[in-house]
Amino acid sequence: MRVEIWSDIACPWCYIGKARFEKGLAGFAHRDEVEVVHRSFELDPGRAKGDTAQVIDMLAQKYGRTREEAQSMEANVAANAQAEGLGYRTEGRDHGSTFDIHRLLHLAKARGRQDELLSLAYRANFAEERSVYDDEVLVELAVEAGLDAAEARAVLADPQAYAAEVRADEQEASELGANAVPFFVLDRRYGISGGQPAEVFAQALEQAWKDRPLTAIGGDAAACDAEGACEVPQAGGTI
């Protein structure tokens, strides 16, 4: 079974939702048969590279709130993150374009290290004093995830590297009707929006597994059809 997760590094509920999904998956009996694929989604696709702002200021401006109200919003998210055992800084974080991060995540996917890099990027952005909008930090994270530093630098230096893959993910999200993240799609049959409790993910995994289409195993063999005609392989005919 495949689970696809559309998310953005700048999205705190994606950070929390990933942790909750993983808790739900950990208790799933068939977890070793679940393939998890992370897909790209930008919350602020129009923001230029290098154009960063403090998160509190961004929230106040975006939602027309005072700084105090924006700080209260962040405190609420932090409480949810901490309840999942996640670190979360409410002050000092910046916000910017995540396009380069997504391009690097596609490199990581090609090298089999996507989940490792995503987890490190979330932790750096929300829990540590490291800006994921700095190329040097991204290279450090890539190396920590098991990628080659020179290859990561080459991707960041070429604006077209993996750009088509990021845009394809975003187009697919639009076609699926996903206008917010995190957005989870199970076997292209069930969609879950938002950072739901772990129990919701556990139930969804059970339901999706139960409703999987049957898969043919073993190739062609002798059988009877709906009209009652039965193959007899030894004779090469039917009775």
Side-chain angles (χ1 to χ4, degrees), residues 2-26 31-32 34-45 47 49-50 52 55 81 84-89 93-173 178 181-185 195 201:
R2 170 180 282 197
V3 177
E4 296 163 277
I5 307 173
W6 274 263
S7 60
D8 192 11
I9 297 299
C11 164
W13 290 108
C14 296
Y15 174 48
I16 295 167
K18 183 177 187 294
R20 290 176 175 174
F21 169 76
E22 288 171 351
K23 286 182 179 179
L25 179 63
R31 58 186 174 277
D32 292 338
V34 176
E35 176 192 13
V36 179
V37 178
H38 297 285
R39 301 207 178 275
S40 302
F41 190 104
E42 295 173 90
L43 290 175
D44 199 354
R47 187 175 287 268
K49 180 180 176 71
T52 61
V55 168
E84 301 301 331
L86 301 172
Y88 195 97
R89 294 185 299 118
R93 290 193 300 109
D94 51 5
H95 173 81
S97 169
T98 56
F99 187 60
D100 281 354
I101 305 170
H102 285 297
R103 295 194 301 112
L104 207 56
L105 282 165
H106 274 280
L107 167 66
K109 178 183 177 183
R111 301 293 179 265
R113 308 299 294 175
Q114 187 187 43
D115 189 73
E116 289 82 357
L117 179 56
L118 182 62
S119 295
L120 287 166
Y122 275 140
R123 189 174 71 191
N125 187 44
F126 291 106
E128 300 173 347
E129 296 287 343
R130 303 166 79 185
S131 174
V132 294
Y133 307 105
D134 181 296
D135 282 359
E136 287 305 309
V137 171
L138 288 180
V139 172
E140 290 172 6
L141 293 172
V143 171
E144 289 173 32
L147 300 177
D148 178 73
E151 190 173 29
R153 288 184 192 280
V155 168
L156 293 172
D158 178 5
Q160 298 307 312
Y162 294 102
E165 287 82 349
V166 175
R167 298 304 184 211
D169 279 355
E170 294 175 336
Q171 177 61 35
E172 197 162 18
V181 286
F183 186 67
F184 302 77
V185 177
F201 290 117

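Note that this is a predicted model, so its numbers are computed, not measured. Just so it is clear, the values below take in all heavy atoms, side chains as well, and ignore hydrogens, waters and symmetry mates.
- Using a 4.0 Å cut-off between charged side-chain N and carboxylate O, Arg153 and Glu136 make a salt bridge.
- With salt bridges taken as basic N to acidic carboxylate O contacts below 4.0 Å, none links Arg47 and Glu42.
- The closest side-chain donor-acceptor pair between His106 and Asp169 falls under 3.5 angstrom.
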TODO: Start with the C-alpha gap between Ser131 and Asp94, add the side-chain angles, then the distance that decides, and say whether side-chain hydrogen bond (donor to acceptor under 3.5 Å, both in side chains) holds.
DONE: CA-CA 7 Å; Ser131 174; Asp94 51 5; 2.9 Å; yes
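- No side-chain N or O of Ser7 forms a donor-acceptor pair with one of His38 less than 3.5 Å apart.
- Checking side-chain atoms of Arg103 against main-chain N and O of Val155 turns up a donor-acceptor pair under 3.5 Å.
- Under the side chain to side chain donor-acceptor pair (under 3.5 Å) criterion, Glu116 pairs with no residue at all, not counting sequence neighbours.
- Rounded to the nearest 0.5 Å, atoms CG (Leu120) and CD (Glu140) are 11.5 Å apart.
- Across every non-hydrogen atom of Gly96 and Thr52, the tightest pair is CA-CG2, 4.2 Å.
- Not one N or O on the side chain of Arg93 forms a donor-acceptor pair closer than 3.5 Å with the backbone of Val55.
- A salt bridge is defined here as a Lys NZ or Arg NE, NH1 or NH2 lying under 4.0 Å from an Asp or Glu carboxylate O, and Glu165 with Lys109 fails to meet this definition.
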Open item on the list: I'd like to know whether Phe41 forms a ring pair (Phe, Tyr, Trp, His ring centres under 6.0 Å) with Phe183, so could you lay out the CA-CA distance, the side-chain angles of the two residues, the decisive distance to 0.1 Å, and finally the verdict.
Closed with: CA-CA 10 Å; Phe41 190 104; Phe183 186 67; 9.0 Å; no
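- Across every non-hydrogen atom of Val185 and Trp6, the tightest pair is CG2-CZ3, 3.7 Å.
- The side-chain heavy atoms of Leu117 and Leu141, taken from C-beta on, include a pair separated by under 4.5 Å.
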